[in-house]
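Below is one structure; the comments refer to it alone.
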Amino acid sequence: MTFRLYNTLTRTKEDFTPIDPKNVRMYVCGPTVYDFAHIGNARPVIVFDVLFRLLRHLYGAEHVKYVRNITDVDDKINARALRDFQKQIDEGSMSLNDAIGAVTEKTANQFFSDAEALGCLEPTFQPRATKHIFEMVEMINVLLQKDHAYLARGSEGREVLFSVDSMKGEYGKLSNRSLDEQRAGARIAVEAHKKNPADFVLWKESGSKEPGWQGEFQPKTNAGYEAELELSETNMRELNLNSKKVTVHGRPGWHIECSVMSKAHLGEVFDIHGGGLDLIFPHHENEIAQSRCAHGSDVMANVWMHNEFLQVEGHKMSKSLGNFVTIAELMRGWRGEPWSGAAIRFEMLGTHYQQPIDWSPDRLTVAKANVQMFAGNTQKRDFKFDSAFDKAWNHVAIPSAELISNLSDDLNTALAMNLIKQSISKISNLSDEERVALVHDVRFLGLVTLGQLPYLTGSFSLSQMAEVLVDNASINFRDWRVFKSNNDVQMSNEREKWFQSKLIQVVSPDKITFHGSDPTKGKIERLIEDRLVARHTKNWKESDRIRDELDAMGVAIKDNKDGTTTWEVKR
RNA sequence: GGCCUCGUGGCGGAGUGGUUACGCAGAGGAUUGCAAAUCCUUGCAUCCCAGUUCGAUUCUGGGCGAGGCCUCCA
């Protein structure tokens, strides 16, 4: 079987050959943790999770390393910290640094739980930029010594800049653009202190007049770093500097973070580097420039993969259009319905990663219907207690050869999902072998986990209903904690009301308890029993009245063929 | 200006050099006190032009139309 991947670097589909089959290495650009992840962010998370699963299958789980970073140093984070914690900072009850820590911690945690809800495996490493500052300074020094970088004074202070001219002929290969074309384009701001307008920042001085920066930070903390920068002879002459060392109190540029974190965990040259389409230029181009020049290598990674973008209902997703949807919001309820992580993943994998997706309730409905059909049918007694099914669930997922062959063709999840959708549509009529294959494939793709099954069927047992409520509660609880920590009294009160209405008790900042199960359960069961009695005596009036009453409680009932009545929370 | 993607039934949306998945909506039926749910059956489609080919929705070229990226962005 051949395993092929489209490589942005060569613009062709190539056979994939790892540098070392015992150590297959992949780096994917993770989130900048200034705001909750939206569905656009979810795409690379899901796509590269599938690739991770495939690599693990092909080379053995212990032979694959997957690094997805957390960018927790960025001007947007600082801005967010100032916005959210302005009051506390002004009052002196919180340092800007702590505020930044609160923002990144909160956002990163939400990202982790989002990724989990979307059925993603945890990457091997999830490094944070703030833990690698020293190595960044080190790499910048290497670049300075090799004359690939220079110190200059910009409008906002001193900067260490990467010199793209020092890499002429090689810079721009990934994005397929030459420096000459760049100059012709009108989009690049010409800044006098740059040797070439395309030169980008490696290190940026933090000005003392920027609120709260100067003196607020200690070397160990998350923002504002003292960097010792060695200057090359050339730079010294140009800047008329006498000393060989210059200290710049500042912060790293965006691109250097990934160069450093990938090197730290995967080495100077590795197999696969992934991310969103928009990162090709300038982010990945600049990563390549930094890493190759610092290490003197021909490539940074052999294969570069980029996922296409996602639109929302035909439009670019943006805050100004008001169609910005976070993952948590989708699961809580979007366009009138909550969408499970499984449905979101199902929908996402239905399109090849290099195709744009238009995100809409219609498409999600399809995915949801499929997931529910699968889950519902596998919940049926004759299916569930069937030994073949049992076996499939209780063993490690062994994907079918066809699934692997589809995925091996440049991660063709659309084709893989086609297989699954077809099997699901005739799930009741599948042979034992086909059923087992379906169960394995669905699990391999991370579409459904055993723990998720009860939530997907729509036919909740009583205890499962309680679980669902607690599950929804956990999302609200997360929000409540955020509002609480922001001292947003109005919003946290609103959440508390929600809990009260659902008979859920907030025990502590880490714990919630569901108390609503028993009374509700008893009432519903009693009403259903009463109604069954009424039906047996053909008292249709009373029977319908009870149905209305249950309906008002948000409970929908179904009279089954065998004379029993089941119920579910109305969706 | 540079780079790139897409155009399939009423709608959403896959795949394929030779009978066009799947879902929603529609139609018919089973079941039902009614309803809901469920199950079964079913009608409906490949933007236009040219080329390659025995054969094109699929490959190539052109046209028309839609959208994205190039600036922080996944």
Side-chain angles (χ1 to χ4, degrees), chain A residues 8 11 28-32 34-35 37-48 71 74-76 79 172 175-178 180-182 184-189 254 274-283 285 306-311 313-319 346-347 349-373 376-377 380 406 412-426 428-429 458-459 534-536 538-541 543-544 547-548 550-551 556-561 563 565-568 570:
Chain A
T8 309
R11 262 149 263 278
V28 176
C29 291
T32 300
Y34 70 102
D35 202 355
H38 52 70
I39 45 177
N41 301 106
R43 195 167 188 190
V45 171
I46 292 172
V47 164
F48 290 106
T71 296
D74 189 279
D75 287 359
K76 285 193 295 294
S175 53
N176 195 20
R177 60 184 78 199
S178 70
D180 299 337
E181 279 167 9
Q182 289 294 305
R187 277 274 182 64
I188 295 172
W254 174 36
L277 191 76
D278 58 320
L279 295 181
I280 296 174
F281 188 88
H283 185 52
E285 198 68 74
H306 296 95
N307 63 274
E308 248 290 351
F309 264 43
L310 182 149
Q311 292 168 257
E313 296 176 303
H315 299 283
K316 180 192 164 124
M317 184 165 54
S318 76
K319 284 183 175 164
F346 198 100
E347 138 72 355
L349 293 181
T351 305
H352 188 253
Y353 74 94
Q354 285 186 294
Q355 298 289 332
I357 294 182
D358 188 19
W359 199 257
S360 66
D362 282 346
R363 292 188 42 127
L364 275 167
T365 303
V366 176
K368 189 173 189 168
N370 268 288
V371 170
Q372 288 187 346
M373 204 186 293
N377 278 293
K380 278 186 183 168
N406 286 335
N412 197 337
T413 54
L415 200 52
M417 292 306 290
N418 218 12
L419 247 185
I420 284 173
K421 285 175 199 174
Q422 283 186 47
S423 289
I424 287 179
S425 74
K426 49 186 180 189
S428 311
N429 302 320
S459 306
R535 290 184 69 217
H536 282 136
K538 299 206 188 294
N539 185 350
W540 307 129
K541 207 171 179 181
S543 151
D544 289 352
R547 185 164 64 201
D548 289 345
L550 285 164
D551 190 70
I557 56 170
K558 300 179 210 170
D559 295 332
N560 300 320
K561 289 180 190 177
T565 296
T566 50
W567 61 279
E568 65 179 44
K570 272 197 298 189

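Letters A, B, ... mirror the listed sequences (proteins, then strands); counts begin at 1.
- Residue contacts shown for A:G275 are limited to sugar-phosphate atoms, with no base heavy atom under 4.0 Å away.
- Between the CG atom of A:L279 and the P atom of B:C72 there is a distance of 11 Å, rounded to whole Å.
- Here the closest non-hydrogen pair linking A:E308 and A:R43 is O-NH1, 3.2 Å.
- Taking atom C1' on both B:U31 and B:C40, the two are 11 Å apart, rounded to the nearest angstrom.
- Using modelled atom types, one side-chain atom of A:N41 and one backbone atom of A:H38 make a donor-acceptor pair closer than 3.5 Å.
- Candidate nucleotides B:G13, B:G23, B:C69 were compared by shortest atom distance to the side chain of A:D358, and B:G13 ranks first.
- Each of B:A74, B:C22, B:G15 was ranked by its minimum atom distance to the side chain of A:S425; first place goes to B:C22.
- Here the CG atom belonging to A:L310 is positioned 13.0 Å from the CD atom belonging to A:Q355, to the nearest 0.5 angstrom.
- The nearest whole Å value for the distance from the CE atom in A:M417 to the C1' atom in B:G23 is 12 Å.
- One atom, NZ of A:K421, and another, C1' of B:A14, lie 6 Å apart when rounded to the nearest Å.
- For the C1' atoms, the distance from B:A21 to B:U46 is 14 Å, rounded to whole Å.
- Taking CD of A:E285 as the reference point, atom CD1 of A:I280 lies at 9.5 Å (rounded to 0.5 Å).
- Taking atom CD1 of A:I357 as the reference point, atom P of B:A66 lies 23 Å away to the nearest angstrom.
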In dot-bracket form, how is RNA chain B paired, counting a Watson-Crick or G-U wobble pair only if both its distances are under 3.5 Å and using | for bases paired to another strand?
(((((((..(((.....[...))).(((((.......)))))....(((((..]....))))))))))))....

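- Among the heavy atoms of the strands lying under 4.0 Å from A:Q355 are primed sugar atoms or P, OP1, OP2 only; no base atom is included.
- OP1 or OP2 of B:A14 lies within a sub-4.0 Å distance of a side-chain N or O belonging to A:T351.
- Between the OH atom of A:Y34 and the P atom of B:C72 there is a distance of 12 Å, given to the nearest Å.
- Heavy-atom minimum distance, A:H352 versus A:A414: N-CB, 3.9 Å.
- The gap from the C1' atom of B:G10 to that of B:G26 amounts to 8 Å, rounded to the nearest Å.
- B:A74 atom C1' lies 9 Å from atom CG of A:L310, rounded to whole Å.
- You'll find that the side chain of A:P282 is closest to B:C72, out of B:C72, B:G33, B:G68.
- Dashed line: the shortest gap from a side-chain N or O of A:N418 to OP1 or OP2 of B:A14 is not under 4.0 Å.
- For the P atoms, the distance from B:C44 to B:C22 is 15 Å, rounded to whole Å.
- When the C1' atom is used for both B:U58 and B:G7, the distance is 14 Å, rounded to whole Å.
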Taking it one step at a time, do A:I424 and A:I420 satisfy side chain to side chain contact (heavy atoms under 4.5 Å, CB included)?
CA-CA 6 Å; A:I424 287 179; A:I420 284 173; 3.7 Å; yes

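- Atom NE2 in A:H306 sits roughly 20 Å away from atom P in B:G68 (whole-Å rounding).
- Straight-line distance between the C1' atoms of B:U8 and B:G13: roughly 9 Å, to the nearest whole Å.
- Rounded to a whole angstrom, the distance from the C1' atom of B:A56 to that of B:U60 is 11 Å.
- Centre separation under 5.5 Å together with a plane angle under 30° holds for the ring of A:W540 and the six-membered base ring of B:G33, marking them as stacked.
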Verdict with reasoning, A:Q311 to A:I357, per side chain to side chain contact (heavy atoms under 4.5 Å, CB included):
CA-CA 6 Å; A:Q311 292 168 257; A:I357 294 182; over 6 Å; no

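- Between atom OG1 of residue A:T8 and atom NE2 of residue A:H306 there is a gap of 5.0 Å, rounded to the nearest 0.5 Å.
- One C1' atom belongs to B:U41, the other to B:C59, and the distance between them is 38 Å to the nearest Å.
- Across all strands, A:K76 comes closer than 4.0 Å only to sugar-phosphate atoms, never to a base (heavy-atom distances).
- Nucleotide B:G15 holds its P atom 10 Å from the CG atom of A:N406, rounded to whole Å.
- When heavy atoms are screened at a 4.0 angstrom cut-off, A:H38 is found touching base atoms of the nucleic acid.
- Side chain A:D544 to base B:G33: a donor-acceptor pair is found below 3.5 Å.
- Taking only side-chain atoms of A:Q311, from C-beta outward, the nucleotide of B:C72, B:G67, B:A74 with the closest atom is B:G67.
- To the nearest 0.5 Å, atoms CZ (A:R547) and CZ (A:R535) are separated by 8.5 Å.
- Residue-level contact check: A:S543 touches the bases, meaning some heavy atom is under 4.0 Å from a base atom.
- Side-chain atoms of A:R547 and base atoms of B:A35 include a donor and an acceptor less than 3.5 Å apart.
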